[in-house]
Amino acid sequence: MTETFTPAPLDRDAVTYVAGHRGLVGSAIWRLLGEQGFGRLVGKSSKELDLKDRDATFEFFAETKPKYVVLAAAKVGGILANNTYPVDFLSDNMRMQVNALDAALANDVERVLFLGSSCIYPKLAPQPIKEEYLLTGHLEETNDAYAIAKIAGILQIQAVRRQYGLPWISAMPTNLYGPGDNFSPEGSHVLPALIRRYDEARRDGHDTVTNWGTGSPRREFLHVNDMAEACLHLLEHYDGPDQVNVGTGEDSTIKEIANVVADVVGYTGQIEWDTTKPDGTPQKLLDVSKLAESGWTAGIGLREGITSTVEWYREHVDSIRT
Ligand SMILES: NC(=O)C1=CN([C@@H]2O[C@H](COP(=O)(O)OP(=O)(O)OC[C@H]3O[C@@H](n4cnc5c(N)ncnc54)[C@H](OP(=O)(O)O)[C@@H]3O)[C@@H](O)[C@H]2O)C=CC1
Ligand SMILES: C[C@H]1O[C@H](OP(=O)(O)OP(=O)(O)OC[C@H]2O[C@@H](n3cnc4c(=O)[nH]c(N)nc43)[C@H](O)[C@@H]2O)[C@@H](O)[C@@H](O)C1=O
């Protein structure tokens with residue numbers, strides 16, 4: 001990685017704002033930073049601080065004066081939610097990130113980590129997808145609105161670097177999963193959807209489940225605890241304008257993933273496919289060599305990660321987000 005640097009170690013006693021600290025990614029980062037001795041973590045629920053509210057956001061930054069910010073607050077959803085509510089995914093995300101990044105700049109935040117998503121890359125990008133493929137082709141239609149918001153976020157980080165010389169950075173994770181995920185049948189991503197569908201079918205004795213699409217698209221999945229580790233690693237070791245891909249470097253078809261989930265959950269019935277539901281992009285596999293060269297690779301295997309997520313789901317089934 002050309003822009004690797006050795007910054008001053010992060011100050012564990014500095015105020016660190018994790019935006020979205022109750023979500024899948026934010027909660028994992030919060031846990032990790034806590035374990036790593038960050039003693040002044042700040043988090044606000046969306047009810048306490050709506051980042052779409054510019055005045056409230058500026059007021060919060062002026063009062064709190066964070067030194068570091070991880071921006072893991074966003075409107076997030078699976079393929080159907082993205083396809084059904086493009087206005088919300090564009091407008092809410094643009095407003096949240098512009099407000100948070102403007103307020104961070106106005107309040108001299110030293111380090112910002114902005115989180116985007118692998119859907120920013122062209123729908124038919126060569127695989128595995130390198131960082132430099134950004135803006136080289138058309139986006140996948142089911143999530144173009146969300147992707148444009150995320151691309152604007154990357155550009156804002158780059159613009160702040162260029163205009164103000166601040167060492168702010170962006171990371172682009174692949175599809176994530178793990179404890180604290182959204183298990184809503186309509187709104188979630190595929191892994192939590194499959195875990196819930198198969199576990200309910202097993203529990204209720206159903207002999208058929210129906211998944212979405214054809215099952216042929218290929219996706220790469222990263223456990224959120226690995227994602228949190230990668231975020232801290234980048235904050236400590238990376239300073240460059242290019243977004244950095246975060247993934248495992250391995251992908252599978254949705255059918256293969258569905259079979260692993262069925263096996264782990266103990267579901268033995270039929271699996272059908274509803275091809276009226278969208279497939280999305282045919283393949284999304286990140287080239288993670290930049291991150292690997294900087295010294296970080298994923299540690300949690302897919303089956304191991306799915307197994308612990310199923311355990312988490314069963315323990316929290318009465319309080320999960322639906
Ligand atoms: N999940 C995935 O597979 C992937 C996620 N990412 C990226 O990671 C980041 C986090 O995603 P993830 O953790 O999955 O999402 P979640 O939906 O799990 O969490 C989103 C968080 O954002 C907060 N939030 C939403 N709206 C607002 C608002 N108006 N004001 C303040 N906070 C708000 C929520 O707060 P509250 O709970 O209080 O409402 C919640 O904590 C996003 O940038 C996403 O693009 C990237 C690739 C894949
Ligand atoms: C992270 C990423 O997430 C989204 O893009 P996606 O990668 O297509 O993610 P997904 O997890 O929703 O679907 C993956 C595949 O799985 C199939 N599939 C089968 N059965 C279910 C199912 O029950 N639910 C869902 N959601 N998908 C299913 C589905 O048809 C598709 O082929 C965007 O929000 C995008 O903006 C983004 O950033």
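Everything numeric here is computed off the predicted structure, so don't read it as measured data. Both counts, for ligands and for their atoms, begin at 1 and track the order of listing.
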K.L.:
Give the residue, atom name and distance (to 0.1 Å) of the protein heavy atom nearest atom 26 (N) of ligand 2.
P.N.:
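It is S188 O, 2.9 Å.
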K.L.:
Specify the protein heavy atom at minimum distance from atom 8 (O) of ligand 1: its residue, its atom name, and the distance to 0.1 Å.
P.N.:
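Residue, atom and distance for the closest contact: V25 CG2, 3.7 Å.
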K.L.:
Can you tell me which residue and heavy atom of the protein come closest to atom 37 (C) of ligand 2, and the distance to 0.1 Å?
P.N.:
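Going by distance alone, atom 37 (C) of ligand 2 is nearest to S117 OG, 3.7 Å.
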K.L.:
Taking 4.0 angstrom as the limit, do E186 and K277 come out as a salt bridge?
P.N.:
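Looking at K277 together with E186, the answer is no, because their closest N to O distance does not fall below 4.0 Å.
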K.L.:
Tell me whether ligand 2 is touched by G280 - counting only heavy atoms on the residue side and a distance under 4.0 Å.
P.N.:
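It does not, in that no heavy atom of G280 comes within the 4.0 Å cut-off of ligand 2.
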K.L.:
With a 4.0 Å heavy-atom cut-off (strictly under), which part of H189 contacts ligand 1: side chain, backbone, both or neither?
P.N.:
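Just the side chain.
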K.L.:
As a test of the contact definition, would atom 33 (C) of ligand 1 count as having a protein heavy-atom neighbour under 4.0 Å?
P.N.:
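For atom 33 (C) of ligand 1 the answer is yes, since some protein heavy atom falls inside 4.0 Å.
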K.L.:
Do D199 and R196 meet the salt-bridge criterion of a basic N to acidic O distance under 4.0 Å?
P.N.:
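So R196 does not pair with D199 through a salt bridge.
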K.L.:
For W296, run the side-chain hydrogen bond (donor to acceptor under 3.5 Å, both in side chains) check against E236, E229, H237 and tell me which one passes.
P.N.:
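Single pass found, and it is E229.
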K.L.:
How far is atom 3 (O) of ligand 2 from its nearest protein heavy atom, and which residue and atom name does that atom have?
P.N.:
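For atom 3 (O) of ligand 2, the nearest protein heavy atom comes out as H189 CD2, 3.0 Å.
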K.L.:
Tell me which protein heavy atom sits closest to atom 9 (C) of ligand 1, plus the residue, atom name and distance to 0.1 Å.
P.N.:
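Looking at atom 9 (C) of ligand 1, the protein heavy atom closest to it is A72 O, 3.9 Å.
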K.L.:
What do you reckon, does K277 put a non-hydrogen atom under 4.0 Å from ligand 2?
P.N.:
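Distance cut 4.0 Å: K277 fails for ligand 2.
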K.L.:
Classify the contact between K44 and ligand 1 as side chain, backbone, both or neither, using a heavy-atom distance cut-off of under 4.0 Å.
P.N.:
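For K44, there is no contact with ligand 1 at all, from either part.
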K.L.:
So which protein heavy atom does atom 43 (O) of ligand 1 come closest to, and at what separation?
P.N.:
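So the nearest neighbour among protein heavy atoms is K150 NZ, 2.7 Å.
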K.L.:
Students should be able to answer this: which protein heavy-atom is nearest to atom 6 (P) of ligand 2, and at what distance?
P.N.:
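Going atom by atom, the protein heavy atom closest to atom 6 (P) of ligand 2 ends up being R219 NE, 3.6 Å.
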K.L.:
Measure the distance from atom 12 (O) of ligand 2 to every protein heavy atom, then report the residue, atom name and distance (to 0.1 Å) of the closest one.
P.N.:
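Ranked first by proximity to atom 12 (O) of ligand 2 is I79 N, 2.7 Å.
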K.L.:
At under 4.0 Å between heavy atoms, is it the side chain or the backbone of M172 that contacts ligand 1, or both, or neither?
P.N.:
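Neither; nothing of M172 gets under 4.0 Å from ligand 1.
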K.L.:
Atom 7 (C) of ligand 1: which of A74, S46, G116 has the nearest heavy atom?
P.N.:
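Selected option, by shortest heavy-atom distance: G116.
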K.L.:
With a sphere of 6.0 Å drawn around CD of Q270, does it hold more than 12 non-hydrogen atoms of other residues, nucleotides or ligands?
P.N.:
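No, the 6.0 Å shell around CD holds no more than 12 heavy atoms from other groups.
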K.L.:
I need the nearest protein heavy-atom contact for atom 23 (O) of ligand 2: residue, atom name and distance, please.
P.N.:
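Scanning the protein heavy atoms, the shortest distance from atom 23 (O) of ligand 2 goes to R197 NH2, 2.7 Å.
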K.L.:
Please compare W273, W212, F221 and report which has the shortest non-hydrogen distance to atom 20 (N) of ligand 2.
P.N.:
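Looking at heavy atoms only, the winner is W212.
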K.L.:
Considering non-hydrogen atoms of the protein only, which is the closest contact for atom 35 (C) of ligand 2, and what is the distance?
P.N.:
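Going atom by atom, the protein heavy atom closest to atom 35 (C) of ligand 2 ends up being N143 ND2, 3.3 Å.
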K.L.:
In terms of residue, atom name and distance, what is the protein heavy atom nearest to atom 31 (C) of ligand 1?
P.N.:
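For atom 31 (C) of ligand 1, the nearest protein heavy atom is L49 O, 3.3 Å.
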K.L.:
Mind checking the CG-CD spacing from L41 to Q36? Nearest 0.5 Å is all I need.
P.N.:
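So the CG of L41 and the CD of Q36 are separated by 11.5 Å.
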K.L.:
Between the candidates I254, D279, V209, which shows the shortest non-hydrogen contact distance to atom 32 (O) of ligand 2?
P.N.:
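Selected option, by shortest heavy-atom distance: D279.
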K.L.:
Answer yes or no: does atom OH of Y313 have more than 12 heavy-atom neighbours from other residues, nucleotides or ligands under 6.0 Å?
P.N.:
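Correct, the count exceeds 12.
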K.L.:
Starting from atom 5 (C) of ligand 1, which protein heavy atom do you reach first, and at what distance in Å?
P.N.:
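Here the closest protein heavy atom is L176 CD1, 3.8 Å.
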K.L.:
Is the closest N or O pair between D50 and ligand 1 shorter than 3.5 Å?
P.N.:
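Yes: some nitrogen or oxygen of D50 is under 3.5 Å from one in ligand 1.
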K.L.:
May I ask you to identify the nearest protein heavy atom to atom 45 (O) of ligand 1, giving residue, atom name and distance to one decimal place in Å?
P.N.:
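Here the closest protein heavy atom is Y146 OH, 2.4 Å.
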K.L.:
Any nitrogen or oxygen of L51, main chain or side chain, under 3.5 Å from a nitrogen or oxygen of ligand 1?
P.N.:
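The answer is yes, given that L51 and ligand 1 share an N or O pair closer than 3.5 Å.
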K.L.:
May I ask you to identify the nearest protein heavy atom to atom 48 (C) of ligand 1, giving residue, atom name and distance to one decimal place in Å?
P.N.:
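Here the nearest protein heavy atom works out to T174 O, 3.3 Å.
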K.L.:
Among all the protein's non-hydrogen atoms, which is closest to atom 11 (O) of ligand 1, and how far away is it?
P.N.:
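I find the closest protein heavy atom is V76 CG2, 3.5 Å.
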K.L.:
Ion pair present between R161 and D239, side-chain N to carboxylate O less than 4.0 angstrom?
P.N.:
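Salt bridge: yes.
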K.L.:
For the hydrophobic clusters of this structure (ILVMFWY residues joined by side-chain heavy atoms under 4.5 Å, transitively), does one cluster hold both V288 and Y121?
P.N.:
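Linked, V288 and Y121 end up in one cluster.
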K.L.:
Which one holds for N82 and ligand 2: side chain close, backbone close, both close, or neither close, with close meaning a heavy atom under 4.0 Å?
P.N.:
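The answer is the side chain of N82.
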K.L.:
Starting from atom 10 (P) of ligand 2, what is the nearest protein heavy atom, named by residue and atom, and what distance separates them?
P.N.:
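Nearest neighbour among protein heavy atoms for atom 10 (P) of ligand 2, to 0.1 Å: V190 N, 3.8 Å.
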K.L.:
Mind checking whether P278 contacts ligand 2 via backbone (N, CA, C, O), side chain (CB onward), both or neither, at a 4.0 Å heavy-atom cut-off?
P.N.:
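The backbone, only.
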